[in-house]
There are 2 protein chains.
Amino acid sequence: MDEDGLISTAKQAADHELVLGFGRLLGAAGRLEYILGRAIEVECGISHLMFEVLLILGRAANDGVSMKAIGQEQVLTTGGVTRLVDRMEEAGLVERTDDPADRRGRLVRLTPLGERKAVQAARVHLENIRRHFLEPLPESHRQQFMEDLRILSHTARDALPRLR
Amino acid sequence: MDEDGLISTAKQAADHELVLGFGRLLGAAGRLEYILGRAIEVECGISHLMFEVLLILGRAANDGVSMKAIGQEQVLTTGGVTRLVDRMEEAGLVERTDDPADRRGRLVRLTPLGERKAVQAARVHLENIRRHFLEPLPESHRQQFMEDLRILSHTARDALPRLR
DNA sequence: TCGGAATACCTGATCAGTCAGTTACTGTTG
DNA sequence: CAACAGTAACTGACTGATCAGGTATTCCGA
């Protein structure tokens with residue numbers, strides 16, 4: 001019946017300790033992301049996924065970005081992208097056009113309203129990153145922390161599971 | 001009409017640069033968390049929220065934890081907790097009992113199956129943390145990075161929005 | 001150049017969360 | 001101790017994602 005539970009052996013106890021420690025760290029990463037996402041939602045009235053799309057489109061300037069590419073930048077299935085862009089189009093933030101180079105594809109582009117929203121949300125976001133990610137850390141750690149996050153962003157990109 | 005777009009002034013250009021940089025970092029945190037969460041789901045057959053509940057309950061040993069407390073540890077409304085625990089109960093991972101000290105409350109406790117699942121998932125999780133968070137960083141950075149994450153986990157806790 | 005595999009997007013069904021409101025109980029205060 | 005505010009958990013309606021499958025188009029090799 002295993003009534004001794006999770007820490008019934010020394011080996012398990014050691015694992016348990018480690019996981020609890022790391023569990024909190026993961027929780028930290030998750031909560032920080034959650035806080036930043038919520039802030040965008042509350043202060044700018046768009047979801048955090050919409051915000052990320054605005055950033056992606058802003059980076060591409062006025063070339064337009066395919067649905068596919070948006071799905072790959074984010075962690076979102078193609079169906080998810082379709083619906084997300086649907087809502088953004090309804091909200092007047094983006095517009096879709098046929099891709100002249102591939103008649104299956106569609107290109108997504110910022111509207112002027114979308115651009116303004118991107119700038120506004122970016123400002124809010126930046127401020128929140130400063131407050132929640134940077135200021136709590138000792139001055140001397142900040143640079144290295146950001147550098148490490150940058151490294152991890154690349155491994156994360158490679159490790160991303162393929163979504164349909 | 002603002003056809004110049006996101007980078008139409010020098011001020012905006014500077015902001016844009018900053019946001020894109022930080023945007024990637026946020027994305028990194030998000031993606032790492034996502035990867036870890038997906039791994040648990042794929043390899044252990046439980047959602048990442050279930051896993052966090054298992055950890056919380058494991059930490060409390062066999063005292064039982066109130067729904068309220070679970071909701072506060074995680075970022076989840078009370079309705080969300082009710083439904084999450086419903087599913088976990090259905091899956092045989094936890095059991096609910098009335099709280100003898102407060103007849104409004106219920107206490108949630110691990111079942112033996114839940115304990116085994118917690119240990120299994122924790123092992124998977126630990127391995128993934130090592131691979132995705134630690135190994136990519138230079139040896140000399142790892143300690144400080146973990147320390148910084150620990151600091152941030154505390155500010156994150158304080159900054160959490162109150163969910164009903 | 002024809003036919004099948006791959007690709008880009010969309011859609012119906014479902015799932016897991018939020019939100020707002022309800023019920024049952026507790027704690028407080030006049 | 002009666003009234004009433006506050007609290008813990010639950011629920012119906014809704015939202016925004018996934019998944020699986022569909023259609024139109026493109027790519028590629030025999």
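Note: CZ (B/Arg106) to C1' (C/dT23) measures 14 Å, nearest angstrom. Here the C1' atom of nucleotide D/dG16 and the CD atom of A/Glu52 are 16 Å apart, to the nearest Å. Between the CG atom of B/Leu76 and the C1' atom of D/dA8 there is a distance of 15 Å, rounded to whole Å. If you take CG of B/Asp86 and P of D/dG12, they are 12 Å apart, rounded to a whole angstrom. Summarising the geometry, the separation between CG on A/Asp98 and P on C/dC10 is reported as 10 Å, rounded to the nearest angstrom. Atoms CE (B/Met67) and P (C/dC25) sit 17 Å apart, rounded to a whole Å. Distance CD (B/Glu41) to P (D/dT18): 11 Å, rounded to an integer number of Å. For A/Leu84 and D/dA17, the CG to C1' distance is 10 Å, given to the nearest whole Å.
For B/Arg164, no side-chain nitrogen or oxygen approaches OP1 or OP2 of C/dG21 to under 4.0 Å. Regarding contacts with the backbone of D/dT18, a side-chain N or O of A/Thr77 is found under 4.0 angstrom from either OP1 or OP2. For D/dT25, the OP1/OP2 oxygens have a side-chain nitrogen or oxygen of A/Arg103 closer than 4.0 Å. Between D/dA17 and B/Arg38, no contact under 4.0 Å exists linking OP1 or OP2 to a side-chain N or O.
Taking 3.5 Å as the limit, the base of C/dC9 and the side chain of A/Ser66 contain no donor-acceptor pair of atoms between them. At a cut-off of 3.5 angstrom, counting only N and O atoms as typed in the model, there is a donor on one side and an acceptor on the other between the side-chain of B/Arg83 and the base of C/dT18.
Residues A/Arg109 and A/Glu115 are not paired through a salt bridge, judged by the lack of any N-O separation under 4.0 Å between the basic side chain and the carboxylate. Salt bridge absent: A/Arg104 and A/Asp98 never bring a charged side-chain N and a carboxylate O closer than 4.0 Å.
Taking for each of B/Val81 and B/Arg104 the nucleotide of DNA chain C with the nearest heavy atom, the 5'-most of the two is the partner of B/Val81. Take the nearest nucleotide of DNA chain D for A/Ala101 and for B/Leu107: the residue whose nucleotide is more 5' is B/Leu107.
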**Prompt:** A/Glu73 and A/Arg59: salt bridge (charged side-chain N to carboxylate O under 4.0 Å, His left out), yes or no, with the steps?
**Reply:** CA-CA 12 Å; A/Glu73 287 271 345; A/Arg59 207 181 308 160; 3.7 Å; yes

**Request:** Evaluate the side-chain contact (heavy atoms from CB on, under 4.5 Å) criterion for residues B/Glu89 and B/Arg96: first the C-alpha distance (whole Å), next the side-chain angles of each, then the deciding distance (0.1 Å), finally the verdict.
**Result:** CA-CA 8 Å; B/Glu89 205 171 15; B/Arg96 264 189 272 226; 3.1 Å; yes

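Ring geometry, A/Phe145 versus A/Phe133: the interplanar angle falls from 30° to 60°, so the pair is classed tilted.
At the heavy-atom level, A/Asp102 lies under 4.0 Å from the strands shown only through sugar-phosphate atoms. Contact annotation for A/Gly80: base contact, defined as any heavy-atom pair under 4.0 Å involving a base atom.
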